[in-house]
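In what follows, a single structure is set out as structure tokens and then discussed.
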Amino acid sequence: MPAARESLLDAAYTALVRRPWSAVRMVDVAAAAGVSRQTLYNEFGSKDGLARALVRREADGFLAGVDRALTTEHGDLRDRLTAAAEWTASAARENILVRAMLTGCWSERLPAPALTAVPSTSAVPAQRRADGPLPSPGDFVALVRDRAVGFLAGPGSPTSDSADLARSCELAVRLALSCVAAPPGEGGVAGLVRSALQRQAG
């Protein structure tokens, strides 16, 4: 992603953390990123385009974190799924847009771009992608489940094993999302996911 676009998205996210999206001004985002307002409009087209690009970037960042959690943990299936669940809960706790995307709860202080694709005339490939469909909470469940299955399934696994793995992965994802909505008590996300996966395996 070009440096100017990334700086503008950083500036937009920082502004959003400080004040409602309705109060975020394009001129202030451009100034904070050290570029002209024309550069901002050339890159995103409009404030709605900026909102869509910001949501897309945070979604991509969340999914990249899921991939890291699944690949950097060297334990068994339960350890890797627990790491992905912990990342999900942590990312939602620390990032207001990730939380909104995972739960579907867009407060009035956040941008709430339509999840369906919008007509795009942008010459910027990254913006054309942002103008495409954005993931819903249900899409995230499927995306994370399928990524986990992809990372964890052995080559040539029997179909029955793949179906069991998919159920385990979806269980871990849904438990993580429940922890976003209602944080768990003692044992945290890890304890809840490990316990559920152990019961499922037993």
Side-chain angles (χ1 to χ4, degrees), residues 1-66 69 84-120 122 124 126-144 173-185 188-189:
M1 185 176 291
R5 185 177 179 88
E6 191 65 24
S7 295
L8 285 162
L9 290 171
D10 287 342
Y13 185 81
T14 299
L16 175 61
V17 169
R18 294 179 179 155
R19 56 190 174 272
W21 184 249
S22 59
V24 173
R25 299 186 322 151
M26 296 287 270
V27 65
D28 296 333
V29 171
V35 301
S36 70
R37 189 169 60 166
Q38 188 58 52
T39 298
L40 173 59
Y41 279 100
N42 289 346
E43 195 66 39
F44 302 102
S46 65
K47 189 175 178 183
D48 184 58
L50 175 62
R52 292 185 70 81
L54 185 58
V55 169
R56 170 59 66 189
R57 182 185 74 162
E58 300 311 306
D60 290 346
F62 165 71
L63 291 170
V66 169
E86 287 182 302
W87 161 254
T88 297
S90 168
R93 191 170 46 248
E94 295 169 10
N95 186 310
I96 55 177
L97 286 177
V98 169
R99 182 181 182 88
M101 284 185 277
L102 292 177
T103 62
C105 297
W106 295 86
S107 75
E108 59 189 33
R109 73 175 315 277
L110 297 177
L115 297 180
T116 54
V118 297
S120 182
S122 178
V124 179
Q127 189 58 40
R128 286 198 304 273
R129 182 169 179 265
D131 289 339
L134 297 171
S136 69
D139 293 333
F140 275 111
V141 170
L143 285 166
V144 174
V173 175
R174 291 187 179 280
L175 282 171
L177 292 179
S178 74
C179 292
V180 169
V189 178

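Computed from a predicted structure; not experimentally measured.
When all heavy atoms of Leu8 and Ala30 are compared, the pair lying nearest together is CD2-CA, 4.0 Å. Annotation for Ala4 and Val35: closest pair CB-CG1, 4.5 Å, computed over non-hydrogen atoms. Nearest heavy-atom pair across Val180 and Ala89 is CG2-CA, 4.0 Å. In terms of heavy-atom proximity, Leu97 sits nearest to Glu58 at CD1-CG, 3.8 Å. Residue Arg5 comes nearest to Ala53 through the heavy atom pair NH2-CB, 3.4 Å, listed as atom of the first residue, atom of the second, then distance. Here the shortest heavy-atom pairing between Arg109 and Leu16 reads NH1-O, 3.1 Å.
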How far apart are the C-alpha atoms of Asn42 and Thr39, what are their side-chain angles, what is the distance that settles it, and do they pass the side-chain hydrogen bond (donor to acceptor under 3.5 Å, both in side chains) test?
-> CA-CA 5 Å; Asn42 289 346; Thr39 298; 5.3 Å; no

So Leu110 and Ile96, side-chain contact (heavy atoms from CB on, under 4.5 Å) or not? Walk me through it.
-> CA-CA 8 Å; Leu110 297 177; Ile96 55 177; 3.6 Å; yes

List the steps and the verdict of side-chain contact (heavy atoms from CB on, under 4.5 Å) for Phe44 and Val124.
-> CA-CA 8 Å; Phe44 302 102; Val124 179; over 6 Å; no

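Side-chain contact check for Arg57 versus Leu54: some heavy-atom pair is nearer than 4.5 Å. A 4.5 Å side-chain heavy-atom check between Pro137 and Leu177 finds every atom pair outside the cut-off. You'll find the side chain of Trp87 stays beyond 4.5 Å of the side chain of Val144, heavy atoms only.
Put simply, CG on Leu40 and OG on Ser7 are 11.5 Å apart, with the number rounded to the nearest 0.5 Å. Taking OG1 from Thr88 and CZ from Arg99, the interatomic distance works out to 13.0 Å, rounded to the nearest 0.5 Å. Here CG of Leu50 is found 14.0 Å from OH of Tyr13. Values are rounded to the nearest 0.5 Å. Taking CH2 from Trp106 and CG from Leu115, the interatomic distance works out to 7.5 Å, rounded to the nearest 0.5 Å. The structure places CZ of Arg25 at 10.0 Å from NZ of Lys47, a figure rounded to the nearest 0.5 Å.
The environment of Arg37 atom CZ is sparse: at most 12 non-hydrogen atoms of other residues, nucleotides or ligands sit within 6.0 angstrom. For Glu108, the CD atom sits in a loose shell: 12 or fewer heavy atoms of surrounding residues, nucleotides or ligands are nearer than 6.0 Å.
Taking the six-membered ring where tryptophan is involved, the planes of Phe140 and Phe62 are perpendicular, since the angle between them exceeds 60° and thus also 30°.
Looking only at distances, no side-chain donor or acceptor of Arg128 sits under 3.5 Å from a matching main-chain atom of Ser120. Counting only distance, with no hydrogens or angles, the side chain of Ser178 and the backbone of Leu175 share a donor-acceptor pair below 3.5 Å. Proximity of a side-chain donor or acceptor of Arg56 to a complementary backbone N or O of Pro133 within less than 3.5 Å is detected.
Using a cut-off of 4.0 Å between Lys/Arg side-chain N and Asp/Glu carboxylate O, Asp60 and Arg129 are scored as salt-bridged.
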